[in-house]
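Throughout, protein chains are lettered first and strands after them, A, B, ... in sequence-line order, and every chain is numbered starting at 1. These figures come from a predicted structure and were not determined experimentally.
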Protein chains: 2
Amino acid sequence: MEPSYSISELSNEFGVTNITIRYYESIGILIPKRYGQKRIYSSSDRVTLELILRGKRLGFSLSESKEIIDLYSASQGEEGQLKLLINKLNDKRLELLEKRKDLNTALATMDSYSAKCRQRLKELESDK
Amino acid sequence: MEPSYSISELSNEFGVTNITIRYYESIGILIPKRYGQKRIYSSSDRVTLELILRGKRLGFSLSESKEIIDLYSASQGEEGQLKLLINKLNDKRLELLEKRKDLNTALATMDSYSAKCRQRLKELESDK
DNA sequence: ATACATGTTTACGTTTACGTAAACGATAAC
DNA sequence: GTTATCGTTTACGTAAACGTAAACATGTAT
C-alpha cells in the first residue's frame with residue numbers, strides 16, 4: 001500500500017502553507033489525486049514537492065523546477081526523446097556545477113573575511 | 001589612481017540593465033559617488049555588484065545580500081561588534097554549507113537519473 | 001444535533017525585483 | 001548649431017510567488 005498525505009501533512013512537514021501547495025497545483029507543477037473534493041498526495045507528489053523546495057533554496061524559479069520535474073517524469077520515451085532528455089539533463093547539470101563554483105567562491109570570501117575579523121580581534125586583545 | 005566606472009560600463013560587463021543598477025541604489029545596497037548628477041562607481045562598488053549578482057544566482061534575496069554586504073563593510077568595530085560580526089558570518093557560512101548539501105543532492109539525483117536514461121538507451125540499441 | 005477541525009473555491013491584495021515611457025540635461029561629433 | 005549619445009528623474013506597470021478574507025462543504029467528537 002502506497003502511503004498518501006493530506007495537504008496539511010505535507011505543508012507541516014515541509015514548513016510551507018497549504019496556500020503555497022495549492023499554488024503549485026494552480027501552476028501545474030504538483031497535481032494530486034482527489035478523494036471527493038479533497039486533495040490526496042502520493043509519495044511521488046511528496047518527492048516532487050521536495051524537488052520544488054530544494055530548487056527554491058538553490059535559486060531556481062518555479063518554472064525552472066517545473067522544467068526539471070517534467071524531464072524526470074518523461075523517462076519512458078523512445079530513442080530520440082531519450083537522447084534529447086540526456087542532453088537537457090546535462091545542461092542542467094552544468095548549471096548546477098556553475099552554482100557550486102559560485103557557492104565555493106562565496107564561502108572562500110566569507111572565510112577570509114572572517115579570518116580577518118578574528119585577527120583584528122586578537123590584536124585588540126593583545127593591546128589590553 | 002582608483003579605476004571608476006559609468007553605469008553602462010557596469011551594466012554591460014555584468015549583463016544587467018542600468019535600471020537594475022539604479023534599483024539597487026534605490027534600496028540602499030549600491031550607492032555610488034556622483035559627478036554632477038552622473039553616477040560614478042568605484043571598484044569597491046563593482047565588488048558589491050558582484051556580490052549581489054552572485055547572491056541572486058545562489059537564491060539570496062536582495063535584502064539578504066544587503067545584510068551580508070553590510071556585514072562586510074562593518075569591519076572596523078570594537079571588540080563587541082567584532083564578536084557579533086564573526087557570529088553572524090558564521091551563521092551565513094552555515095547557510096551556505098546547507099546550500100552546498102542541497103546542491104550535491106540535486107547533482108546526485110540528476111546523475112543517477114541520467115545514468116538510468118543512458119542505460120535504457122543502451123537496451124534500446126541492443127534490441128535492434 | 002451541533003460544534004469543531006479540516007478542507008474547498010473565488011476574488012482580491014501584497015511584496016520583490018525589476019521594466020516602460022516621458023520629459024529632460026549634458027557632452028561629443030559633424 | 002543641432003543631432004546623437006549617454007545620462008537623469010518621476011510616475012506607472014508587471015510578473016512571480018504567494019497571503020488574506022469570505023463563504024461554504026464534510027467528516028469527527030461529544
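- Picking from dG7(D), dT9(C), dG19(D) the nucleotide with the shortest atom distance to the side chain of Thr17(A) gives dG19(D).
- A salt bridge between Glu25(A) and Arg34(A) is present, with a side-chain N of the basic residue lying under 4.0 Å from a carboxylate O of the acidic one.
- Here the side chain of Tyr24(B) is nearest to one of dT9(C), dC18(C), dG7(D), namely dC18(C).
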(request) Give the C-alpha distance, both sets of side-chain angles, the deciding distance and a yes or no for side chain to side chain contact (heavy atoms under 4.5 Å, CB included) between Glu2(A) and Ser43(A). (result) CA-CA 7 Å; Glu2(A) 273 276 294; Ser43(A) 45; 2.8 Å; yes

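- For the segment residues 47-59 of chain A, the set of residues with a heavy atom within less than 4.0 Å of an atom of DNA chain D comprises Lys56(A), in numerical order.
- Counting any heavy atom pair closer than 4.0 Å across all strands shown, Arg39(A) reaches sugar-phosphate atoms only and no base atom.
- In this structure, Leu30(B) atom CG and dA17(C) atom C1' are separated by 15 Å, rounded to whole Å.
- By the 4.0 Å N-to-carboxylate-O rule, Arg57(B) lies too far from Glu98(A) to be salt-bridged with it.
- Both Ile19(B) and Ser61(B) lie close to DNA chain C; mapped to their nearest nucleotides by heavy-atom distance, the more 5′-ward contact belongs to Ser61(B).
- Here Glu50(A) contributes atom CD and Asp45(A) contributes atom CG; the two are 12.0 Å apart, rounded to the nearest 0.5 Å.
- Taking the centre and axis of the six-membered ring of Phe60(B), the NZ or CZ atom of Lys66(B) falls outside the cone set by 45° and 6.0 Å.
- The 12-atom threshold is exceeded at CZ of Arg54(B), counting heavy atoms of other residues, nucleotides or ligands nearer than 6.0 Å.
- Ile40(A) places its CD1 atom 12 Å from the C1' atom of dT6(C), with the value rounded to the nearest Å.
- Heavy atoms of Ile7(A) sit under 4.0 angstrom from primed sugar atoms or phosphate atoms, though from no base atom.
- Separation of atoms OG (Ser65(A)) and CG (Leu30(A)) is listed at 12.0 Å; rounding is to 0.5 Å.
- In this structure, Arg46(B) is not positioned above the aromatic face of Tyr41(B) in the sense of NZ or CZ being under 6.0 Å from the six-membered ring centre and within 45° of the axis.
- Distance from the side chain of Tyr23(A) is smallest to dA16(D) among dA16(D), dG7(D), dT20(D).
- In this structure, Leu10(B) places its CG atom 10 Å from P of dG7(D), rounding to the nearest Å.
- Remark: P of dT16(C) and CD1 of Ile27(B) are 9 Å apart, rounded to the nearest angstrom.
- With dA16(D), dA17(C), dG19(C) as the candidates, the nucleotide lying closest to the side chain of Thr20(B) is dG19(C).
- The phosphate of dT10(D) (OP1 or OP2) has no side-chain N or O of Arg22(B) nearer than 4.0 angstrom.
- Under a 4.0 Å N-O distance rule, the pair Glu95(B)/Lys99(B) does not qualify as a salt bridge.
- Once rounded to the nearest 0.5 Å, the distance linking NZ of Lys92(B) with CG of Leu107(A) reads 13.0 Å.
- One atom, CD of Glu25(B), and another, C1' of dT9(D), lie 12 Å apart when rounded to the nearest Å.
- Across the protein-nucleic acid pair, Glu9(A) atom CD and dA5(C) atom C1' stand 14 Å apart, rounded to whole Å.
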Give every pair of a protein N or O atom and an N or O atom of nucleotides 26-28 of chain C that lie under 3.5 Å apart, one pair per line with the distance.
none

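- Atom-to-atom, CZ of Arg34(A) to C1' of dT6(C) comes out at 14 Å; the value is rounded to the nearest Å.
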